[in-house]
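Chain identifiers are assigned alphabetically (A, B, ...) following the order of the sequence lines, protein sequences preceding nucleic acid strands; residue numbering begins at 1 within each chain.
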Number of protein chains: 2
Amino acid sequence: MNVQSMGSPLFDTEPTDTREAIMQATYRALRTHGYAGLTIQRIGDEFPKSKSLLYHHYDGKDDLLLEFLSFMLERFEETIPDREYDDAHDHLTAIVDHAVPEDLDPERAEFRAAMVELRAQAASDTAYREHFTRNDRFFRDRFATVVARGVKEGTFREVDPDRVAAMVLATVHGAMQEEATTDGAETADVRGELRAYIESRLLPPDSPSGVVE
Amino acid sequence: MNVQSMGSPLFDTEPTDTREAIMQATYRALRTHGYAGLTIQRIGDEFPKSKSLLYHHYDGKDDLLLEFLSFMLERFEETIPDREYDDAHDHLTAIVDHAVPEDLDPERAEFRAAMVELRAQAASDTAYREHFTRNDRFFRDRFATVVARGVKEGTFREVDPDRVAAMVLATVHGAMQEEATTDGAETADVRGELRAYIESRLLPPDSPSGVVE
DNA sequence: TCCCATTGACTGAACGTTCATTCAACCCGT
DNA sequence: ACGGGTTGAATGAACGTTCAGTCAATGGGA
């Protein structure tokens, strides 16, 4: 055990300033009480200073929550695998394995549940909707780039990269939502079948997974 | 124009009793104000009788909302295509086209948005979670049955029906969530690629879509 | 047939609590 | 002694809920 005893590497690092401390407190309050129970009071309870201080740093609840959404989306986008991969198939598989993980540690599960709760607000809140529209485009573009590379280099067949990206993103979102909102989510099945989709739909007809000619 | 001037066939039919009228009012309040803004006051405003009456018919807000969830899930499950189909491929395609529709009328879009908002509550509410766990199982079983038939009759390859069902359900959920929470959802791409998945993964290697030998 | 006791649907006013927000005052490093 | 970070107390509005009471319909006993 170190300075911090067992906590999220994303959110239990000592905050550099008060605003970051408030973001972390908001996250804790969200995970503890859910979005419906997310009040200024509860956020105030989750960090050492007074709740009045929140109004010194933010215009109000809406302002605070909107910045919190940006804070969350930044961290969400950062986690995507993006190092150099030998070929597009490896890269795409890494993305799928990361987005539909084999065994999801509780901490990441909580983070993803928080994302699902936040996203649902976008159904009735225009500002939230704009954020998630941008976020989806970000991931779709990233996925499409990988697929396009695969097509160009001959790793993949001549598919439409945007269509494939939209499909993968939707499946990933669905898996995430199911995992966050049910007890019996068949995540392993989705991951397995998503891999099978890539092989049967993207890989050239003759190559049975990773064959070099 | 008829008795009812332009409204949801699901929710603007004249309610048979007060409890059903309350369910409809709750739906209207949810769509107007979002789940976060769903209060007893607002529900009361959406139907002609007094808000006190809500407490005569339900134990309280939680009780009312839980019954509303059942009410919504029943209607959600009813809509799945289930008439007799000539073969499993037709049936599965009908399901996909229904679940990821070509042009979604605003009324169904609202209903699906409501479902997305309700589902998100399951991330922090155990009772909601149980309902959605059951609901997912319902759809997964239905899908798996269709796939299993296709495998048995030779329409499909020897895939694992449960895995395929989990994949299709996740993709459908993702498409629904994206459509409800963003402005730029690429629903057409998802539908197209989901069809392509079925063809390249489920159909026998030689048959290029719907060939009878 | 009349009357009244009983019921269930329904109402308006009120309750105590919690909500987001404000503000005068205080602390403390410069 | 100045100014930004910080505080506790206070505010009115909105929340879910309660409750005494009205009203129309029902059903026996006289």
Side-chain angles (χ1 to χ4, degrees), chain A residues 14-72 114 117-118 120-122 124-128, chain B residues 13-72 114 117-118 120-121 124-128:
Chain A
E14 213 53 39
T16 63
D17 63 352
T18 304
R19 285 174 71 99
E20 194 177 313
I22 293 175
M23 293 295 99
Q24 294 185 2
T26 305
Y27 178 75
R28 262 174 266 130
L30 173 60
R31 285 328 301 143
T32 308
H33 307 284
Y35 193 91
L38 187 59
T39 70
I40 291 286
Q41 187 83 248
R42 298 249 174 79
I43 296 172
D45 291 346
E46 290 291 339
F47 90 122
K49 321 244 178 122
S50 157
K51 80 168 178 180
S52 324
L53 188 56
L54 300 177
Y55 289 93
H56 187 263
H57 288 281
Y58 298 95
D59 287 345
K61 197 192 184 188
D62 288 358
D63 182 40
L64 191 159
L65 254 39
L66 227 48
E67 171 132 344
F68 177 67
L69 179 58
S70 298
F71 174 85
M72 289 288 285
E117 285 200 76
L118 287 173
Q121 308 307 314
S124 300
D125 184 313
T126 313
Y128 273 54
Chain B
T13 56
E14 214 52 40
T16 62
D17 64 351
T18 304
R19 285 174 72 97
E20 194 177 314
I22 293 176
M23 294 293 99
Q24 295 186 2
T26 305
Y27 178 74
R28 263 175 265 130
L30 172 60
R31 285 328 300 142
T32 308
H33 306 286
Y35 193 91
L38 188 58
T39 69
I40 291 287
Q41 186 81 247
R42 297 250 175 78
I43 296 172
D45 291 347
E46 290 291 339
F47 89 123
K49 322 244 176 122
S50 158
K51 80 168 179 178
S52 322
L53 186 57
L54 301 177
Y55 288 92
H56 187 263
H57 288 282
Y58 298 95
D59 287 345
K61 197 191 183 189
D62 287 359
D63 182 40
L64 192 160
L65 255 37
L66 226 48
E67 170 132 343
F68 177 67
L69 179 58
S70 298
F71 174 85
M72 290 287 286
E117 286 200 75
L118 287 173
Q121 307 308 314
S124 302
D125 184 313
T126 313
Y128 274 54

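Taking CG of B/Asp45 as the reference point, atom CZ of B/Arg42 lies at 8.0 Å (rounded to 0.5 Å). Separating the NE2 atom in A/His33 from the CD atom in A/Gln41 is a distance of 10.0 Å, to the nearest 0.5 Å.
Considering A/Leu30, A/Asp125, A/Leu65 in turn, A/Leu30 is the only one that fulfils the side-chain contact (heavy atoms from CB on, under 4.5 Å) rule with A/Leu118.
A heavy atom closer than 4.0 Å to some atom of DNA chain D occurs in A/Lys49, A/Ser50, A/Ser52, A/Leu53, A/His56, A/His57, these being the qualifying members of residues 47-57 of chain A.
Between B/Thr26 and B/Phe47 there is no side-chain heavy-atom pair separated by less than 4.5 Å. A/Met23 is not listed as a side-chain neighbour of A/Met72, based on a closest heavy-atom distance of 4.5 Å or more.
Distances shown here put a side-chain N or O of A/Thr18 below 4.0 Å from the OP1 or OP2 atom of D/dT6.
One atom, CG of A/Leu38, and another, C1' of C/dC19, lie 13 Å apart when rounded to the nearest Å. Protein atom CD of B/Gln41 is 15 Å distant from nucleotide atom C1' of C/dC19, rounded to whole Å. The separation between B/Ile40 atom CD1 and C/dT18 atom P is 17 Å, rounded to whole Å. Regarding B/Leu66, its CG atom lies at a distance of 17 Å from the C1' atom of D/dG16, rounded to whole Å. Rounded to a whole Å, the CG atom of A/Asp63 is 14 Å from the C1' atom of C/dT21. For A/Lys61 and D/dC15, the NZ to P distance is 12 Å, given to the nearest whole Å. Atom-to-atom, OH of B/Tyr58 to P of D/dG16 comes out at 16 Å; the value is rounded to the nearest Å. The CD1-C1' distance, from A/Ile43 to C/dC19, rounds to 12 Å in whole Å.
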Would you tabulate the nitrogen or oxygen pairs shorter than 3.5 Å linking the protein to nucleotides 27-30 of chain C?
none

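Shortest non-hydrogen contact noted between B/Gly34 and A/Ser124 is CA-OG, 3.2 Å.
Note: B/Phe68 and B/Tyr27 have tilted aromatic rings, judged against thresholds of 30 and 60 degrees for the angle between ring planes.
Between B/Arg31 and B/Glu46, none of the side-chain N atoms (NZ, or NE/NH1/NH2) sits under 4.0 Å from a carboxylate O, so this pair counts as no salt bridge.
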Identify all side-chain donor-acceptor contacts of residues 50-64 of chain A below 3.5 Å with residues at least two apart in sequence or on another chain.
from	atom 1	to	atom 2	distance (Å)
A/Ser50	OG	A/Ser52	N	3.1
A/Ser50	OG	A/Ser52	OG	3.2
A/Lys61	NZ	A/Leu38	O	3.0
A/Asp63	OD2	A/Asp59	N	2.9

